[in-house]
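Some notes on the structure that comes next.
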Amino acid sequence: MRIFISAILIIFFLLVPEVYAETNNRVVAYVNDDLITLYELNNEIEARTGKTSEELQELNEEEFFTVRDQLLDMMIVERLEKEKIKELELTATNEQVDSYIEGLKERNKITQEELLTELEKEGITYEKFRRRLRDELGRRNLIDSEIVEKTVISEEKVMEYYESHKDEFRKPGKAHIASIFLVPVSSEQSAELEKKGKEILAKLKKGEDFSDLAREFSNGPGAAEGGDLGEITLTDVDPKILGVINSLKDGEVSSLIDMGNRLQIIKLIKMTPTEWTPLEEVKANISELLYNKEMEERYNEYISKLKENSYIKKIL
């Protein structure tokens, strides 16, 4: 009986690696004449997340399935791109790869030996690094050929964007103001402060200097500077104060403003109205924004057409 059980165990342990290999090499997607295995997908999951499929699933099963599906879709797109790169003879040459590596070293001011050391730290061989670069440069060649060369942003599109998004280029108005603050120390002082405020307004009407009165009576910000609060951005001002400022002309003084917790008199020294950044100053930024947006749209359309014209079957 023991001999029989031992024989069964030996057969079991001999078969486990084969069963595991079959499971791990199971096809999870067909892409035209190519295929993607579970082994490849699991490697991609670990490379992208830093965790094995099992670890990721244990942490959050729902997130694992989402990540797995997204990465499989990404791998399918990569296979379609590689197929198209080969078909259009756009594979990156050794010269392109060499040139990119030399540029990389020059930009980062590192030697070949230092590059190899960094790759070793990341667990990547130089050959694997070159293969990855060749794939990425081939993809760049494809995008340049099929998308970049067909993407043009006209002056009309730039102007249309500028006009329809003008608020984005608005320079908010500013006002240089001075203020006299009358802040009550107690609730009983409120009536007394209102009387004092009216007296100050009367003095101003007689032509007395605002700065002198602010130094004498104000108990708020800027009192020592004659009430001068400097230039403020109108979008940052309390709506009630903004209304008062907008009703004044340069050099005019407001009436007594009741702000609930204080009384205030404002002098508008100079108003700088709202302006818009000229088109010429933002044309390059708008053009780049529209270019990137159109590039993304064209790329997505291109990939959609590739998928439509391909045989794709996912088995998960």
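Side chains are part of it too, since the values below use all heavy atoms of this structure and drop only hydrogens, waters and symmetry mates. The structure displayed is predicted, hence computed values, not measured ones.
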Euclidean distance, [Y] [atom2] relative to [X] [atom1], rounded to 0.5 Å:
X	Y	atom1	atom2	answer
Ile312	Asn32	CD1	CG	7.0 Å
Ile257	Ser255	CD1	OG	6.5 Å
Glu120	Thr117	CD	OG1	6.5 Å

What's the verdict on side chain to side chain contact (heavy atoms under 4.5 Å, CB included) for Ile315 and Tyr30, showing C-alpha distance, side-chain angles and the deciding distance?
CA-CA 8 Å; Ile315 311 167; Tyr30 291 97; 3.3 Å; yes
Does [X] pair with [Y] as a salt bridge, N-O distance under 4.0 Å?
X	Y	result
Glu296	Lys293	no
Lys283	Glu155	yes
Lys157	Glu294	yes
Lys314	Asp73	yes
Glu83	Arg79	no
Glu252	Lys249	no

Closest contact, heavy atoms only, [X] versus [Y]:
X	Y	answer
Phe210	Ile265	CZ-O, 3.8 Å
Ile245	Ala175	CG2-CB, 4.0 Å
Glu208	Leu213	OE1-CD2, 3.7 Å
Ser179	Ser218	O-OG, 4.1 Å
Ser254	Leu201	O-CD2, 3.4 Å
Ile286	Phe169	CD1-CZ, 3.7 Å

Does Glu55 reach the main-chain N or O of Thr52 with its side chain, forming a donor-acceptor pair under 3.5 Å?
yes
For Ala92, does its backbone N or O pair with a side-chain atom of Arg134 as donor and acceptor, under 3.5 Å?
yes
Verdict with reasoning, Leu115 to Leu119, per side chain to side chain contact (heavy atoms under 4.5 Å, CB included):
CA-CA 6 Å; Leu115 173 62; Leu119 291 174; 4.2 Å; yes
Give me the one residue out of Thr125, Asp98, Asp135 that meets side-chain hydrogen bond (donor to acceptor under 3.5 Å, both in side chains) with Arg130.
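Among Thr125, Asp98, Asp135, the one meeting side-chain hydrogen bond (donor to acceptor under 3.5 Å, both in side chains) with Arg130 is Asp98.
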Yes or no on salt bridge (charged side-chain N to carboxylate O under 4.0 Å, His left out) for Glu194 and Lys198, after CA distance, side-chain angles and deciding distance?
CA-CA 6 Å; Glu194 187 173 354; Lys198 289 177 179 177; 3.7 Å; yes
Step by step, would you call Arg48 with Glu44 a salt bridge (charged side-chain N to carboxylate O under 4.0 Å, His left out)?
CA-CA 6 Å; Arg48 297 280 178 174; Glu44 193 67 31; 2.8 Å; yes
So, Asp250 and His176: side-chain donor and acceptor under 3.5 Å apart, yes or no?
no
Under a 3.5 Å threshold, yes or no: a donor from one side chain and an acceptor from the other, between Tyr161 and Glu168?
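There is such a pair (donor and acceptor under 3.5 Å, judged by atom type) between the side chains of Tyr161 and Glu168.
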Show your working on side chain to side chain contact (heavy atoms under 4.5 Å, CB included) between Val28 and Thr37 and close with a plain yes or no.
CA-CA 5 Å; Val28 292; Thr37 65; 5.8 Å; no
Show the numbers, then the answer: is there a side chain to side chain contact (heavy atoms under 4.5 Å, CB included) between Leu182 and Ile200?
CA-CA 11 Å; Leu182 302 174; Ile200 294 170; 4.1 Å; yes
For atom CZ of Arg140, is the number of surrounding heavy atoms from other residues, nucleotides or ligands below 6.0 Å larger than 12?
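Counting neighbours around CZ of Arg140, 12 or fewer heavy atoms of other residues, nucleotides or ligands fall under 6.0 Å, so no.
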When you look at NZ of Lys166, are more than 12 heavy atoms from neighbouring residues, nucleotides or ligands closer to it than 6.0 Å?
yes
Flag this pair as yes if the NZ/CZ of Arg298 is under 6.0 angstrom from the six-membered ring centre of Tyr291 and inside a 45 degree cone about the axis; otherwise no.
no
